[in-house]
Amino acid sequence: MNKKFYLTLVPTNECSLGCEYCYTIHNIHDKTKIKLEYITKIMHIISKAKNSVEILFIGGEPTSVGYEYFKKIMETLIEAKNKYNLKLNFIIQTNGVLLNELWIQLFKQYDFKVGVSFDDFNDNIEHHRPQSQKVLKNLKLLQQHNVKFSILSVFNNQTINDLFDNYILMNKLKYNYKILPLNDNGHIAEKYIIKFNEENYQKIEEFVKKWLYDTSCVIQMRTFHSMFYTLFAEKIPLCNSCIENRVSIRPDGSLFPCGRPFDNIYKVGHINNITKFSQFQDNDGYKRLINLKIEKINNCIGCRYLNVCHGGCVSNNILDNSYTDIDGFYCKYTKMVLDIFSPLVKKAKEDFKNNKIENYNPILIQDLKLKGLI
């Protein structure tokens, strides 16, 4: 009963940006807004089995429903919280374009954690993620109002050269952030697809080393922190298979195990036809996804990183069309980065044993101490 449950709530598929590499670009003109009664019902069902829920708002662009309607969504959630005595936490992943004083006050009122999708600070990014300068202005607004936020930044084969420069700027601005490789989902231009060659390996390796030994760092760089923890502790998996404790509701009331754009064969059902919490998993769509995860793990037996990767994120495997293939895009990327980190973590363990920590990233050292790892 007390284990936290995760609800991914998609208020709308609409998004005004239309970034050319977005994996939901096919339906960004769908202006359907989620019905408030759908939210009321799903919270009632969840409350029968859970008393703590983390709610992640994604899209499309979740703020595209408009401030007033989003406010009604929040009022509906708070009504359910009070009625069922629930503990609720709120996260929103936004492109940041529509943010203003009203939105920021709402985020503060409900203690939101805000994730802003923002890929670069140079003008060259404008052609495939528009309005970057406006987003930069709104990031400063969030910072001025002391709203908890972090950056989610995607890089591709053209922007891989900017990784370290962006890190330096993020550190200067004191923006915590996370980087992800551009997903090769079969719908993006060849020039953007990351090449797994020696040149790119060296670029990422150089970036990792600069981060690891940057004694001036003042920010969390979550991607590298996770990689380091996973190898250092030898028991913290990169993927915790979140689909086993999560459900996603789309604007039309359809339910899926995750907020990613799955095909209908993985559909859990529709909120109008669900009455029990157990139905979130007792259905053909969810079982297909679990079987896919199991098959992928079985194919990974023998991989040197199976104990820390656990087959990777099943949603990513679907997105890059690799499914159970052990040589898909995310598989190759994860292996490459873990190969880079492995000798560095081994050396760090020796240095830490000898109390040689002064040359390492102080934020990483601080976190390792807080976790009791050093």
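Atom set for the values below is all heavy atoms of this structure, side chains included, hydrogens, waters and symmetry mates excluded.
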When you measure from the centre of the six-membered ring of Y167, is the NZ or CZ of K210 closer than 6.0 Å and no more than 45° off the axis? no
On the ring face of F5, is R246 found with NZ or CZ under 6.0 Å from the centre and within 45° of the axis? no
How would you list all residue pairs meeting ring-ring contact (aromatic ring centres under 6.0 Å, His included) that involve residues 278-305, not counting sequence neighbours? F277-F280
Once you measure the plane-to-plane angle for F57 and F70, does it fall in the parallel (<30°), tilted (30-60°) or perpendicular (>60°) bin? tilted
Q143, CD: over 12 other non-hydrogen atoms inside 6.0 angstrom: yes
Connecting only ILVMFWY residues whose side-chain heavy atoms lie within less than 4.5 Å of each other, what is the rest of I297's hydrophobic cluster? I301, L306
Mind checking what makes salt bridge (charged side-chain N to carboxylate O under 4.0 Å, His left out) contact with D325, not counting sequence neighbours? none
Looking at residues at least two apart in the chain, or sitting in another chain, which of them share a salt bridge (charged side-chain N to carboxylate O under 4.0 Å, His left out) with E199? K203
Within 6.0 Å of NZ in K335, more than 12 heavy atoms from elsewhere: yes
For V345, the option from L231, T230, I340 that meets side chain to side chain contact (heavy atoms under 4.5 Å, CB included): L231
Grouping ILVMFWY residues whenever side-chain heavy atoms fall under 4.5 Å, the cluster of I326 otherwise contains none
How would you list, by chain and number, every residue that makes a ring pair (Phe, Tyr, Trp, His ring centres under 6.0 Å) with H145, sequence neighbours excluded? none
Do K33 and Y69 make a side-chain contact, defined as non-hydrogen atoms from C-beta onward lying under 4.5 Å apart? yes
